[in-house]
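Within every chain, numbering begins at 1; the chains are lettered A, B, ... in the order of the sequence lines, protein sequences first and strands thereafter.
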There are 2 protein chains.
Amino acid sequence: MAAKREVSGLEAHLGYWLRRVSNQVSHAFRLKVEACGVSVSEWVVLRELYRPEGASPGALAQSLGMTKGAVSKLVGRLEDKGLATRSPSEVDRRQQAVALTANGRALVPRLAHLADANDEEFFGHLPRPVRDELMRVLRELARTHHLDSAPID
Amino acid sequence: MAAKREVSGLEAHLGYWLRRVSNQVSHAFRLKVEACGVSVSEWVVLRELYRPEGASPGALAQSLGMTKGAVSKLVGRLEDKGLATRSPSEVDRRQQAVALTANGRALVPRLAHLADANDEEFFGHLPRPVRDELMRVLRELARTHHLDSAPID
DNA sequence: TGCAATCAGTTTCCGAGGAAACTATCATGA
DNA sequence: TCATGATAGTTTCCTCGGAAACTGATTGCA
């Protein structure tokens, strides 16, 4: 019955380590992509828009797990940089279609290589089975808690 | 030689999933601790200060992997909330000792329980060996890339 | 000594994202 | 048809943390 005396430490929590490692990885990636003039989130949106259909801001927010407000600002920045365009939908004037410009499209493969390199830098030394298991677990966690989480906004 | 055509997707990168899951976990934890009037980072600092010796801002920055500036502001907030105190060191007037107040110390066990609960919520369903392996890998990653990373500021 | 380099901490500026209020559009049904 | 409510996006306000310039104290060395 020493529960009252046991004050768990930071290192006891997976969430703590997750946050630290994630910050390290994202920070390193940020340094890589900023040479291309984009941020980590911008890369994510660009990659998501890479498929031919493009996407609406709402769909982006949904699939990327961020708020509408964040996506709105993100798309605005991409537009300012000449990497994406917004065009109003004709069937429903509330919606809009976001699409890559030629510049934006051309940038994605370069950024994808940087992402590959960053992953390799951080996780390349892990044995393949460990790496696969990590991927599996993270995907499962993302999926599991995405569903039962309160609608992201 | 199709390398040029293969544009890797977001879901192919561990860094992407790490960031998403970490954000989910930290966000959920944030909701829990804000009832106690503190942020996630503040919890981290409070827990680190819980040991009897306290710590200096520089030591906190080092062990928590954040910049001096961030720690300085963090300690300032904790002081404003009456949870910590700054006192100048006598041997070296550049340094200062940060310590918890009685209120701050009393808060730590409560926050630790919330951290336990949050970890349980997200990772409790994982089989014990998977959870242990995840912990092992994350700790190793944090350690490995902490050392060879450019000095954090 | 005394000047330069270093070191601890602070501050300023900036970009980023969440929450929530707000605008414009569309759907529903009384 | 018109009021109500839902929906898509935008904007405002806020907090947060990093980068880098800055202050004051200390060390080292000429």
For B/H27 and C/dA19, is the shortest distance between a side-chain N/O and OP1 or OP2 below 4.0 Å?
yes
Using atom CG of B/D80 as one end and atom P of C/dT10 as the other, report the distance to the nearest whole Å.
12 Å
Spacing of B/R86 atom CZ relative to D/dG24 atom P, expressed in whole Å:
16 Å
Tell me whether the OP1 or OP2 atom of D/dT26 has a side-chain N or O from B/Q95 closer than 4.0 Å.
no
Is there a donor in the side chain of B/S39 and an acceptor in the side chain of B/E34, or the other way round, less than 3.5 Å apart?
no
Between A/E42 and B/L31, who's closer to the 5' end of DNA chain C by nearest nucleotide?
A/E42
Among the nucleotides C/dA8, D/dG18, C/dA24, which one has an atom lying closest to any side-chain atom of A/R94?
C/dA24
Could you tell me how far apart B/Q62 (CD) and C/dC7 (C1') are, to the nearest whole angstrom?
14 Å
Using only side-chain N and O atoms of A/T67, determine if any of them is under 4.0 Å from OP1 or OP2 of C/dG18.
yes
Starting from the C-alpha separation in whole Å, work towards a yes-or-no answer on side-chain hydrogen bond (donor to acceptor under 3.5 Å, both in side chains) for A/R86 and A/S56.
CA-CA 9 Å; A/R86 273 188 266 229; A/S56 69; over 6 Å; no
Considering only heavy side-chain atoms of A/M66, the closest of C/dG18, D/dG17, C/dA16 is C/dG18
Determine: side-chain N/O of B/S72 to OP1/OP2 of C/dT10, distance under 4.0 Å, yes or no.
yes
Round to the nearest Å and state the distance from B/R30 atom CZ to D/dT15 atom P.
11 Å
May I ask you to verify if any side-chain N or O of B/S41 is less than 4.0 angstrom from the OP1 or OP2 atom of D/dC16?
no
Rounded to whole Å, the NZ-P distance (A/K68 to D/dT10) equals 10 Å
If we check side-chain contact (heavy atoms from CB on, under 4.5 Å) with B/S22, which of these qualifies: A/L141, A/V25, A/L18?
A/L18
Find which nucleotide of DNA chain C each of B/S56 and A/V91 is nearest to by heavy atoms, and output the residue with the more 5' nucleotide.
B/S56
Would you mind telling me which residue lines up with the more 5' stretch of DNA chain D, A/A70 or B/V71, judged by nearest nucleotide?
A/A70
Whole Å only: how far is the CZ atom of A/R93 from the C1' atom of C/dT25?
7 Å
Spacing between B/D92 atom CG and D/dT27 atom P, to the nearest angstrom
6 Å
Is it the case that the base of D/dG18 and the side chain of B/K73 share a donor-acceptor contact (distance under 3.5 Å, atom types as modelled)?
yes
Length of the CG-P vector between A/N23 and D/dG18, whole Å:
8 Å
Of the nucleotides D/dG17, D/dT10, D/dC16, which one has an atom closest to the side chain of B/L74?
D/dG17
For B/K32, is there any backbone N or O sitting under 3.5 Å from a side-chain donor or acceptor partner on B/N118?
no
Distance-only side-chain donor-acceptor flag, A/H125 / B/E140, under 3.5 Å:
yes
Report which part of the nucleic acid B/R77 touches: base, sugar-phosphate, or nothing (heavy-atom distance under 4.0 Å, all strands).
sugar-phosphate
Are the side chains of A/N23 and A/R20 in contact, using a 4.5 Å heavy-atom criterion?
no
